[in-house]
Amino acid sequence: MKKLQKKIRYKFFKKKILILCLTHRSFNKYHNEKLEFLGDSILNFIITKIIYKKYLHKEEGYMTRIRSNLVNKKNLFKIAKNIKLNKYINLGKCEIKMKGQYKKSILANTLEAIIGGIYLDSNNINIVENTIKYLFLNKKILNNKNKKDPKTILQEYLQKYKISLPKYYIYDKKGKDHEKIFTVHCKIKNNITKGQGKNKKKAEQIAAKKALIKLGLNY
C-alpha cells in the first residue's frame, strides 16, 4: 500500500480508512460502497469548481461536456489502470475467480472510494482537490478542445441561426449481418450529405461532419 500511496501522492494517517477504501463488498461486510458514494459527490463538486473557474465565459453545455469526459466511468477506469489499482483491491474468492480486479465498474468505484477516504482521513477539501488535480488533470489536462461530436455541433449551429434541424435516414445497407455497411443521408432543407459506417450512429456522425464542412465550419 506504500506504493499505492506514492502513486496517488497522499499518505493516509489512518490505515484503516485506506483498507476500507480498497475493500469490495464481496470480501467483507465492511466495504467501500459508502466511501464510493462520498467520493463520487466530492469528485463532481471539485471538477465542477475547476471547470467553472477556467471556463466561466463558456456556456453551461460546454462545461457539462468537459466534466462528463473527466468523471465518467471510462475515465475513472483509465486512471485506476494507470495507478495499477487492481493490485490492491480486496475481493472475495468468487469475485477473484471472475477476475473482478479487472472489471471497469469495480476499479472505477474503488477510485471514487479512495477520494472519499482521503477526505475523511485529512478532513481537508483542499488536500482532496490537490489529489484530484494530480490524478485527473495531470495528463488529460483541461484544454480548450471542444469534445462535442459532429451531430451535436451541427444541431447547435442550426438552432443558433434558427435553421430547420437535420433529418437522418438510412439510405442503404450492404453486406452480411456481422459486417454491414450503413449509408445514411443527413438532410438540411434541400441539402443532403452522405455518411457510411459499420453502424447507423457512425454513419450519421460522418454525414453530419460533411454537412459542417459544407457549411464552412471546421471540425
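Each of Asn32, Asn90, Asn28 was evaluated against Thr23; a single residue qualifies, Asn90, per the side chain to side chain donor-acceptor pair (under 3.5 Å) test. Screening Ile79, Asp40, Asn75 against Leu111 for a side-chain contact (heavy atoms from CB on, under 4.5 Å) leaves a single residue, Ile79.
Remark: Phe37 CZ is loosely packed, at most 12 non-hydrogen atoms of other residues, nucleotides or ligands lying under 6.0 Å away. More than 12 heavy atoms of other residues, nucleotides or ligands shown are found within 6.0 angstrom of NZ on Lys180.
Hydrophobic cluster membership for Ile192: Tyr169 (Ile, Leu, Val, Met, Phe, Trp, Tyr linked by side-chain heavy atoms under 4.5 Å, directly or transitively). Phe27 belongs to no multi-residue hydrophobic cluster, having no ILVMFWY side-chain contact under 4.5 Å with any other such residue.
Residues Ile42 and Ile118 are not in side-chain contact: their nearest non-hydrogen atoms beyond the backbone lie 4.5 Å or more apart. Using a 4.5 Å heavy-atom threshold, the side chains of Leu135 and Ile115 count as separate. Side-chain contact check for Lys151 versus Tyr168: some heavy-atom pair is nearer than 4.5 Å. Inter-residue side-chain proximity for Gln196 and Ile206 is flagged as unmet; no heavy-atom pair is nearer than 4.5 Å. Residues Asp121 and Tyr10 meet the side-chain proximity criterion, which asks for heavy atoms closer than 4.5 Å. Side-chain atoms of Leu165 and Gln155, non-hydrogen and from C-beta on, do get closer than 4.5 Å to each other. Considering only heavy atoms from C-beta on, Ile66 stays 4.5 Å or farther from Lys54 through its side chain. Between Leu76 and Val71 the shortest side-chain heavy-atom distance does not fall below 4.5 Å.
Judged as a salt bridge (Lys or Arg N to Asp or Glu O under 4.0 Å), and not counting sequence neighbours, Lys97 has no contacts. With sequence neighbours excluded, the residues forming a side chain to side chain contact (heavy atoms under 4.5 Å, CB included) with Ala211 are Leu154, Cys186, Ile188, Thr193, listed by chain and number. Every residue two or more places apart in sequence or in another chain was checked for a salt bridge (Lys or Arg N to Asp or Glu O under 4.0 Å) with Lys104, and none qualifies. Under the side chain to side chain donor-acceptor pair (under 3.5 Å) criterion, Glu112 pairs with Lys73, sequence neighbours left out. By the side chain to side chain donor-acceptor pair (under 3.5 Å) test, Ser122 is found to be paired with no residue, residues two or more places apart in sequence or in another chain being considered. Take Glu95 and apply the side chain to side chain donor-acceptor pair (under 3.5 Å) test, not counting sequence neighbours, and it matches Lys103. Checked against salt bridge (Lys or Arg N to Asp or Glu O under 4.0 Å), Glu179 has no partners two or more places apart in sequence or in another chain. Scanning for side chain to side chain donor-acceptor pair (under 3.5 Å) contacts around Gln5 gives an empty result, with sequence neighbours left out.
Sorted by first and then second residue, the salt bridge (charged side-chain N to carboxylate O under 4.0 Å, His left out) pairs involving residues 7-28 (not counting sequence neighbours) are Arg25-Glu33.
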Atom pairs and distances, side-chain donor-acceptor, residues 46-53, under 3.5 Å, sequence neighbours left out:
unit_1: Thr48; atom_1: OG1; unit_2: Asn44; atom_2: O; d: 2.5
unit_1: Thr48; atom_1: OG1; unit_2: Arg67; atom_2: NH1; d: 3.0
unit_1: Lys49; atom_1: NZ; unit_2: Glu129; atom_2: OE1; d: 2.8

Next item on the list: Please test Lys200 against Glu204 for salt bridge (Lys or Arg N to Asp or Glu O under 4.0 Å), starting from the C-alpha separation and ending with a verdict.
Entry: CA-CA 6 Å; Lys200 180 173 173 280; Glu204 285 178 351; 2.8 Å; yes
